[in-house]
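Notes for the one structure printed next.
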There are 2 protein chains.
Amino acid sequence: MARTDTRFRQSHNAMLDMLSAMAVGDGLPSEVQLAARLGVSRTVIRSVMQKLGSDGIITGSGRDKRMLRRPNTKDRLPLREDYIGRDELEARFLDWVLRFDVPAGTALNITQLARQFMVPPHALQEFLASLGQSGLIERRARGGWRLLGFTADYAVELSEFRQVLELNAIRVFAALPDDHPAWAALSAVRDEHLDLLHRIERDFHDFSRLDGRFHALVNSVVRNRFVAEFQKVISLIFHYHYQWDKTMERYRNEAAIREHLTIINALQARDGAEAEARARAHLATSKETLLSSMRGHHLA
Amino acid sequence: MARTDTRFRQSHNAMLDMLSAMAVGDGLPSEVQLAARLGVSRTVIRSVMQKLGSDGIITGSGRDKRMLRRPNTKDRLPLREDYIGRDELEARFLDWVLRFDVPAGTALNITQLARQFMVPPHALQEFLASLGQSGLIERRARGGWRLLGFTADYAVELSEFRQVLELNAIRVFAALPDDHPAWAALSAVRDEHLDLLHRIERDFHDFSRLDGRFHALVNSVVRNRFVAEFQKVISLIFHYHYQWDKTMERYRNEAAIREHLTIINALQARDGAEAEARARAHLATSKETLLSSMRGHHLA
DNA sequence: GCCGGTGATTTTTATCATTAAAGACACCAT
DNA sequence: ATGGTGTCTTTAATGATAAAAATCACCGGC
């Protein structure tokens with residue numbers, strides 16, 4: 001078997017569901033309509049039709065196909081939900097790298113990793129290639145991959161790069177015309193910050209998401225696909241570390257909220273220089289947090 | 001045949017060369033040494049040895065292997081130099097895309113492209129994946145790739161991103177301590193600019209490389225793998241376009257040299273603000289040149 | 001005669017089996 | 001002990017293959 005016939009099996013079962021909602025003797029929709037409804041190609045529909053025909057569930061051919069009997073549970077095709085999706089793979093891989101302190105410089109083993117992550121080797125290969133630009137991974141001369149690792153160096157450079165991008169975003173933001181929708185969004189985010197500050201004792205866990213929204217908003221004013229691409233990597237990594245460093249979480253979060261508010265206030269006062277200074281301070285704190293989180297994790 | 005036996009063939013021929021430099025009856029070095037000398041694994045060496053043995057060129061086994069007769073031309077194994085390397089692939093692909101022979105949004109065909117570029121389909125797949133982050137290419141939902149294309153939008157965003165990175169570099173540069181080696185390098189590059197300016201009438205073609213060196217120097221003061229990674233993409237694309245837009249090349253280049261010099265002068269005067277302003281102007285020109293080069297090419 | 005449909009065929013890509021190459025291990029000779 | 005060979009295992013690049021998508025050709029009813 002070459003490609004998995006998962007799509008065929010899923011379509012088959014979906015078709016059974018559809019038939020269950022119909023009466024015996026009813027005519028079936030056209031192949032094109034069925035294909036559109038299930039979101040697959042006509043080829044799959046036809047394979048399913050053939051199977052249903054040989055199973056005695058439908059009869060007829062060409063334009064006139066009718067339901068012969070109601071499908072029952074035994075007609076369903078089992079489908080092993082073995083392989084995971086691409087996003088899941090990304091999450092698991094990063095989790096593995098960032099959590100298990102995989103030593104820098106380790107040679108990666110495609111086959112083994114593919115088994116470990118439950119994906120076909122091919123998919124892993126492609127995934128690793130796509131990670132190439134992120135600097136976490138390197139192609140070895142004669143085949144194979146090497147994990148460069150999430151080192152302190154890496155974290156520092158990532159933070160600095162983030163700072164470059166985000167300070168630029170702050171400058172752009174401060175120069176936006178007053179009727180730009182971002183100002184309204186900023187107001188809303190400010191209210192959310194104030195709100196969370198009031199119930200910080202109980203809900204300090206909510207900060208991680210608010211933090212994400214705040215930084216996303218700031219960066220959203222820079223319409224640039226490269227910035228957006230990096231933003232994804234950055235927020236991913238920072239998000240991951242947020243989850244682990246539980247020390248002082250409540251106080252760190254409260255402090256971060258207050259830092260955000262100083263930035264927002266400066267922006268709303270259209271004081272670009274002040275906003276930039278506040279943002280610089282906040283990003284420095286953030287970088288320190290990331291580094292200390294790494295140190296803590298290393299010892300654990 | 002699974003993997004190509006190119007390595008075996010190359011090693012075989014290399015071994016013949018090595019034997020030609022020896023006398024009949026001489027003993028051969030150990031397998032480990034041979035492997036190290038040819039840069040391949042012992043497995044390959046052993047295969048070659050076996051072949052040489054059955055061809056009657058060497059005799060003996062184990063530690064004692066001796067040359068039996070001098071190899072001649074007929075002993076060489078032919079090797080089809082079919083597949084091209086990875087760098088070559090990158091060059092060809094970018095060439096193909098950037099020349100606009102391809103409309104934006106086209107679905108890419110792995111097999112066809114692989115044939116066109118003389119690489120195994122697999123290699124192309126991996127290459128495309130590695131290009132994913134550059135924003136030129138997109139993965140379609142159910143397999144396949146789509147070329148987003150080098151559009152005007154893309155060029156604008158690339159230029160703006162370049163500007164963010166490079167202005168940051170300029171700021172860092174201006175703040176370097178006086179004994180930093182970059183200052184000496186800057187002096188040298190300044191001299192090169194002055195030199196080229198004197199012989200601009202004849203050698204204006206040399207500017208492209210000088211331009212590359214100048215921008216590389218400026219960015220080199222930011223030690224950051226992400227910056228470096230993007231710098232590669234950026235310089236590649238700008239370099240490619242330089243090659244095509246031949247209109248006014250001599251005058252454009254002279255103007256660019258003068259712009260570089262104003263930046264250099266401001267830096268040497270430690271006037272960060274002025275340097276930033278000059279750099280901003282230069283990058284704006286550069287962006288315009290890129291865009292007009294694209295328009296020109298589009299009409300052609 | 002055109003439009004929505006089916007039948008048959010051609011492309012195209014994801015997976016699998018295969019094999020060259022690399023590396024590990026055990027043993028041998030000096 | 002050290003440097004070597006013989007044997008075996010592991011690994012990743014390739015070609016073959018099958019699933020799915022896309023395309024083409026044709027048909028029948030209004």
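Here is how names work: the chains are called A, B, and so on, in the same order as the sequence lines, proteins then strands, and each is numbered from 1. Below, each value reflects all heavy atoms present in this structure, side chains not excepted, and no hydrogens, waters or symmetry copies.
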Whole-Å gap separating P (dA22(C)) and CD (Gln10(B)): 11 Å
Side-chain ion pair, Arg225(B) and Glu229(B), N-O less than 4.0 Å: no
Qualifying residue, where the test is side chain to side chain contact (heavy atoms under 4.5 Å, CB included) with Pro71(A) and the options are Leu19(A), Asn13(A), Asp55(A): Leu19(A)
Distance test, side-chain N/O of Thr43(B) to OP1/OP2 of dA21(C), below 4.0 Å: no
Glu31(A) CD to dA8(C) P, straight-line distance once rounded to whole Å: 11 Å
Nearest atoms (heavy-atom pairs only) where Leu68(B) meets Val24(B): O-CG1, 3.4 Å
For atom CG of Leu108(B) and atom P of dT11(C), their distance in whole Å: 18 Å
Interatomic distance where NZ belongs to Lys51(B) and P belongs to dA21(C) [whole Å]: 14 Å
Phosphate OP1/OP2 of dA14(C): any Gln125(B) side-chain N/O under 4.0 Å: yes
Cation-pi, Trp145(B) ring and Arg140(B) (6.0 angstrom, 45 degrees): no
dA22(C) phosphate, OP1 or OP2, under 4.0 Å from Arg7(B) side-chain N/O: yes
Atom-pair distance (CG on Leu124(B); C1' on dA13(D)), nearest Å: 15 Å
For atom CG of Leu113(A) and atom C1' of dT10(D), their distance in whole Å: 14 Å
OP1 or OP2 of dT13(C) under 4.0 Å from side-chain N/O of Asn109(B): yes
Plane angle bin for Phe226(B) and Phe161(A) - parallel if under 30°, tilted between 30 and 60°, otherwise perpendicular: tilted
Separation of dA13(D) P from Glu126(A) CD (nearest whole Å): 14 Å
Sugar-phosphate, base or nothing in reach of Arg115(B), heavy atoms under 4.0 Å: nothing
Pair of N/O donor and acceptor under 3.5 Å linking dG4(D) base with Arg42(B) side chain: no
Side-chain N,O (Thr111(B)) to OP1/OP2 (dT11(C)) below 4.0 Å: no
Among dA21(C), dT5(D), dA14(C), the one nearest Lys65(B) by side-chain distance: dT5(D)
Nearest-nucleotide pick for Ser41(B), side chain only, options being dA22(C), dT14(D), dA21(D): dA22(C)
Verdict with reasoning, Phe230(B) to Phe230(A), per ring pair (Phe, Tyr, Trp, His ring centres under 6.0 Å): CA-CA 11 Å; Phe230(B) 256 96; Phe230(A) 257 97; 5.4 Å; yes
Most 5' of Ser30(A) and Ser47(B) on DNA chain C, judged by nearest nucleotide: Ser30(A)
Arg63(B) vs Gly144(B), nearer the 5' end of DNA chain C by closest nucleotide: Gly144(B)
Arg140(A) vs dA22(C): side-chain N/O to OP1/OP2 distance below 4.0 Å: no
Residue closer to the 5' end of DNA chain D, Pro120(B) versus Arg46(B) (nearest nucleotide): Arg46(B)
Rounded distance in Å - CG (Asp5(B)) to P (dT14(D)): 12 Å
Sugar-phosphate only, base, or nothing, as touched by Val44(A) at under 4.0 Å among non-hydrogen atoms: sugar-phosphate
